[in-house]
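Just so you know, these numbers come straight off a predicted model, no measurement behind them. In what follows, chains are A, B, ... by sequence order, proteins preceding strands, each numbered from 1.
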Amino acid sequence: MREIIEEINRRLGRAFEPLPTAEILGLVETVRLGGEQAFPAVIDERGEARPVFVDDRVDLTAYHRLAQKSYNAATASGYGDRPALTDSYEMSLVLSGLRAAIDPLRAVRLAEQALGSVSAKLYSTAPVAVAFNAAEVWQQEFRGTEFALPVNRFLVRLNYRIHHINTYC
Amino acid sequence: MAIRYKTCSDTGTAAAHVCDACNGTEKARVRSIFFIRPGTKMPETVTDTGLTPLIESGKVIIIPNTTGSIEDSVKEGDGYGDETGRILGHDYTAQVKDPSYKDNLEFYEGLECERWGIGYRTESLLHIFPDVRATVSATQPVEESLDSEVVWNIQARWFSKGKGRLVSVDDGLRRLFDCYEVTQANSSLEQ
């Protein structure tokens, strides 16, 4: 999983290279910051959480979320005694950017291209859907806080899927 | 003098049917397939110790992980007397896929040059036809889908007067159907 996200981020890094300040982050989890407010945060190996906010000083911020992993065992496929086992990771890539630096549709297009081009022997990624309703994305990402996205910024969520073939090896 | 009625059965009567209320059914899929070189004498009782030297000497070649099916159709000849027909035997066709693709071109080219005794493994049984002469072909179809796999499609056809021998697969036999290499230097199986 980490390897796949790192590969996606390498591609995102190249795509958004022209932006002076692009922050491409890894996997976030939801952490509560007192009261009812919850924020996305990158949690390091020591368990320290670094919350992610909409930062006016950054041209573009991107981070990933894992929503669900599902398993599929197809008994009609596979070889030998085993069914064909595949895992699907339902993911999302949240993009927040400064409109003056990059057009939201352009940002989404570059992210789609990065996600659609990742394919290896045992996994592939593919975009599934894009949510453009910033208020809705805000409520899901920054729970318990009022919608306060500056008008000069955009916030979109691109849902994608990682398809992984489980070989047991 | 006495009249003795003749039948085609060795014992003169059909063997008794055996039922077992506890056993489940045998689960399908050709999980492994193996080829027996012509002239090879298979042991009366098939065990791992009996089969291992045949594998080491190349007289039995196992493809351990496959998927596929067997079609078994009755071959019927003319009937005589009151018979509408007479069973001559069975025509078998195996359609099997081997995912070990890249390194087996020479193997399948060689396999097509001979006719083989044949056997296959289902869930817990080996089905063995040591004395048949199966015609084997291997094709390399490629489909359009990005997710589809390029594998060897093996077709084997053979005729057999009788049905295949059934041998239960114990732990020792099962290990012979794992992935290993038969080395040339000391003729031993290496995991």
Engineer: For B:Arg29 and A:Arg82, which heavy atoms make the closest approach, and how far apart are they?
Structural biologist: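 Nearest pair, atom of B:Arg29 first, then A:Arg82: NH1-O, 2.8 Å.
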Engineer: Under 4.5 Å from any heavy atom of chain A, what part of B:Val30 do you find: side chain, backbone, both or neither?
Structural biologist: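 Neither part, no heavy atoms under 4.5 Å.
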Engineer: Give a yes or no on this: more than 12 heavy atoms of other residues, nucleotides or ligands lie within 6.0 Å of atom CZ of A:Arg99.
Structural biologist: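 Yes - once you tally the heavy atoms of other residues, nucleotides and ligands closer than 6.0 Å, there are more than 12.
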Engineer: Hey, any chance B:Val169 and B:Phe129 share a hydrophobic cluster, counting ILVMFWY side chains that come within less than 4.5 Å of each other, even indirectly?
Structural biologist: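 They do not share one cluster, since no chain of ILVMFWY contacts under 4.5 Å joins B:Val169 to B:Phe129.
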Engineer: Name the region of B:Thr66, side chain, backbone, both or neither, that has any atom closer than 4.5 Å to a heavy atom of chain A.
Structural biologist: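 For B:Thr66, the backbone is the part near chain A, not the side chain.
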Engineer: For A:Arg161, I'd like to know if atom CZ has over 12 heavy atoms of other residues, nucleotides or ligands within 6.0 Å.
Structural biologist: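 Check fails, neighbour count at 12 or below.
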Engineer: In this structure, are over 12 heavy atoms from other groups packed under 6.0 Å from B:Ile87 atom CD1?
Structural biologist: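 Atom CD1 in B:Ile87 is not crowded, with 12 or fewer foreign heavy atoms closer than 6.0 Å.
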Engineer: Pick one of side chain, backbone, both or neither for A:Ser124, based on which atoms fall under 4.5 Å of a heavy atom in chain B.
Structural biologist: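 When you check distances to chain B, no heavy atom of A:Ser124 falls under 4.5 Å.
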Engineer: For B:Glu149 and A:Tyr79, which heavy atoms make the closest approach, and how far apart are they?
Structural biologist: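 Heavy atoms only, the tightest pair is OE1-OH, 3.0 Å.
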Engineer: Non-hydrogen atoms of chain A under 4.5 Å away: do they reach the side chain of B:Lys27, the backbone, both or neither?
Structural biologist: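 For B:Lys27, there is no contact with chain A at all, as no heavy atom is under 4.5 Å.
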Engineer: Verify the neighbour count for atom CG of A:Asp56: are there more than 12 heavy atoms of other residues, nucleotides or ligands below 6.0 Å?
Structural biologist: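 For A:Asp56, atom CG is crowded (more than 12 foreign heavy atoms under 6.0 Å).
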Engineer: If I take atom CG from residue A:Asp81 and atom CD from residue B:Glu123, how far apart are they, to the nearest 0.5 angstrom?
Structural biologist: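 Separation between the atoms: 8.0 Å.
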Engineer: Do other residues, nucleotides or ligands put more than 12 heavy atoms under 6.0 Å from A:Arg65 CZ?
Structural biologist: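 More than 12 within 6.0 Å, yes.
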